[in-house]
J.: 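Let me give you the structure first, and then I'll get to my questions.
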Amino acid sequence: MKARLAFSVNDLAETRFAVSPMWEVVTSVRALAAAVVPRPHRNWADQVRPRLAAAGLDRGWLADMIPPSGHLPDFLNPAPTTTSPGLADELAAIEATDPEQVRQDVDRLAAERDGALSSRLRSLHRSPQSCLPRIVAEIEVYWGLAIAPYWARIRSVLEADIFHRGRQVAEQGTAQALDELHHTVRWAGGSLHLVERHCPITRIETEAGLLLVPSVFAWPRVLTRSVASEPPQLAYPARGIGLLWERRTHAHMEALAAVIGRSRALILAELDTPASTTELAQRSGLSAAGVSQHLTALRAAGLTSTHRAGRSVLYARTGLADALLTAQA
């Protein structure tokens with residue numbers, strides 16, 4: 001499928017970038033649904049799949065609505081109203097979706113599945129207002145298990161991509177930046193040409209402009225969303241995802257250890273992947289009680305964050321801790 005999105009001067013003037021938590025939710029669920037998880041995300045998938053299965057999310061609303069290919073329900077990706085909306089803002093927009101939009105999305109899923117829908121999706125079609133709060137509640141659980149422990153790392157990649165594109169716009173112009181988003185996207189003759197489309201994009205009844213959303217989990221595709229009364233959206237693979245999930249080594253931590261102590265520096269290094277107190281004790285060789293004390297101090301200093309995963313609590317490094325470790329490395 002090919003598509004062409006024409007641009008007026010006003011459309012170019014209203015083209016903007018945004019980070020969207022819900023695009024990461026939707027595209028990450030799709031990555032997990034694939035027969036083979038895309039290579040850049042396999043380390044992440046190995047970590048989160050057991051948590052999702054334990055919570056029953058491998059057979060929940062998101063698993064029903066988001067197939068490994070085909071239509072992605074548009075109501076799950078409301079247009080970001082700011083450059084970096086919070087998850088709560090987007091969930092509020094989802095819960096307030098026009099029921100007719102929800103039904104249109106379910107109808108498209110039914111068409112792709114030869115009319116075969118789960119009882120859950122049939123109930124969503126009958127009564128969107130009663131089902132949307134349950135979907136929002138499941139998204140919150142999914143976020144806590146699969147995205148939140150890694151969000152500082154993911155967001156830094158997304159924000160770095162936007163910084164790069166913004167600089168490119170300033171130095172080379174918007175047309176050049178659009179032309180270099182992805183190999184399936186080409187700017188020519190006042191239009192954005194898209195090939196290998198998996199979903200349509202059009203300006204019919206949409207608002208002016210274009211929302212460009214970098215995404216970690218969209219790789220290797222570009223995904224589009226075109227809904228009446230909102231600007232079209234284009235989610236493209238962010239730069240720098242190749243090393244996102246690789247374990248980083250921090251061989252030179254002497255200066256940091258001199259400030260916060262060797263044990264705490266070691267714990268931060270071991271938090272390259274989120275872990276529980278027990279897991280950190282096993283990795284570091286420290287006692288569980290000692291690890292717990294250090295984690296309390298690190299959290300108070302803004303260097304770690306906590307995320308509940310069932311009965312366990314996962315600890316993750318914050319962006320500040322990543323910056324400190326990177327500086328030492």
J.: Is the side chain of R108 donor-acceptor paired with the backbone N or O of H71 at a distance under 3.5 Å, no angle test?
T.: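 Flag not set: sc R108 to bb H71 has no pair under 3.5 Å.
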J.: Out of curiosity, Q104 CD to Q101 CD, how far, rounded to the nearest 0.5 Å?
T.: 5.0 Å
J.: Would you please say whether a donor-acceptor pair under 3.5 Å links the side chains of R283 and T273?
T.: yes
J.: Under 3.5 Å, which donor-acceptor pairs do the side chains of residues 161-171 form with other protein atoms, sequence neighbours left out?
T.:
unit_1	atom_1	unit_2	atom_2	d
D161	OD1	R165	NE	3.3
D161	OD1	Y236	OH	2.4
D161	OD2	R165	NE	3.4
D161	OD2	R165	NH2	3.2
D161	OD2	R239	N	3.0
R165	NH1	E180	O	3.3
R167	NE	E171	OE2	3.0
Q168	NE2	E180	OE1	2.6

J.: Examine distances only and state if a side-chain atom of R225 and a backbone atom of L234 form a donor-acceptor pair shorter than 3.5 Å.
T.: no
J.: Between atom OG of S312 and atom NE2 of H307, what is the distance when rounded to the nearest 0.5 Å?
T.: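 That separation rounds to 14.0 Å.
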J.: Under a 4.5 Å cut-off applied to non-hydrogen side-chain atoms, are V19 and V213 in contact?
T.: no
J.: What residue pairs, at least two apart or across chains, pass salt bridge (charged side-chain N to carboxylate O under 4.0 Å, His left out) with a residue in residues 89-105?
T.: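 Listed by first then second residue: nothing to list.
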J.: Under a plain distance cut-off of 3.5 Å, with no hydrogens placed, do Q233 and W23 share a side-chain donor-acceptor pair?
T.: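 Yes, a side-chain donor-acceptor pair sits under 3.5 Å.
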J.: Among residues two or more places apart or on two chains, list those pairs meeting salt bridge (charged side-chain N to carboxylate O under 4.0 Å, His left out) that have a residue in residues 39-67.
T.: D64-R120
J.: With sequence neighbours left out, what residues match N10 under side chain to side chain donor-acceptor pair (under 3.5 Å)?
T.: E14
J.: At what distance, to the nearest 0.5 angstrom, does OG of S263 lie from CG of L298?
T.: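 So the OG of S263 and the CG of L298 are separated by 10.5 Å.
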J.: At their closest point, which heavy atom of L87 faces which heavy atom of P21, and how far apart are they?
T.: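 Answer, listing the atom of L87 first, then P21: N-CG, 3.9 Å.
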J.: Find the distance between CG (L145) and CZ (R308) and round it off to the nearest 0.5 Å.
T.: 11.0 Å
J.: Go through the structure and list residues passing side chain to side chain donor-acceptor pair (under 3.5 Å) with T306, not counting sequence neighbours.
T.: R299
J.: Working to the nearest 0.5 angstrom, can you tell me the gap between S305 OG and R317 CZ?
T.: 11.0 Å
J.: State whether the side chain of S191 and the backbone N or O of H193 hold a donor-acceptor pair below 3.5 Å, judged by distance alone.
T.: no
J.: Between L210 and D11, is any pair of side-chain heavy atoms under 4.5 Å apart?
T.: no
J.: Nearest 0.5 Å, please: how far is CD1 in I147 from CD1 in I139?
T.: 11.5 Å
J.: R122 side chain to L117 main-chain N or O, any donor-acceptor pair under 3.5 Å?
T.: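 Present.
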J.: Under a 4.5 Å side-chain heavy-atom rule over Ile, Leu, Val, Met, Phe, Trp and Tyr, are W219 and L223 clustered together?
T.: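 Linked within one cluster.
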J.: Quick check against the 3.5 Å criterion: does S276 have a side-chain atom that pairs as donor or acceptor with the backbone of V313?
T.: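 No; zero donor-acceptor contacts below 3.5 Å.
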J.: Determine yes or no for a side-chain-to-main-chain donor-acceptor pair under 3.5 angstrom, with E24 supplying the side chain and V216 the backbone.
T.: yes
J.: Restricting to side chain to side chain donor-acceptor pair (under 3.5 Å), what partner residues turn up for W44, sequence neighbours left out?
T.: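 Partners of W44 by the side chain to side chain donor-acceptor pair (under 3.5 Å) criterion come out as none, since no residue qualifies.
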J.: For residues R221 and H182, determine if any side-chain heavy atom of one lies less than 4.5 Å from a side-chain heavy atom of the other.
T.: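 No, every pair of side-chain atoms sits at 4.5 Å or beyond.
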J.: Kindly say whether the aromatic ring centers of W187 and F7 come within a distance under 6.0 Å.
T.: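 For W187 and F7, the ring centres are under 6.0 Å apart.
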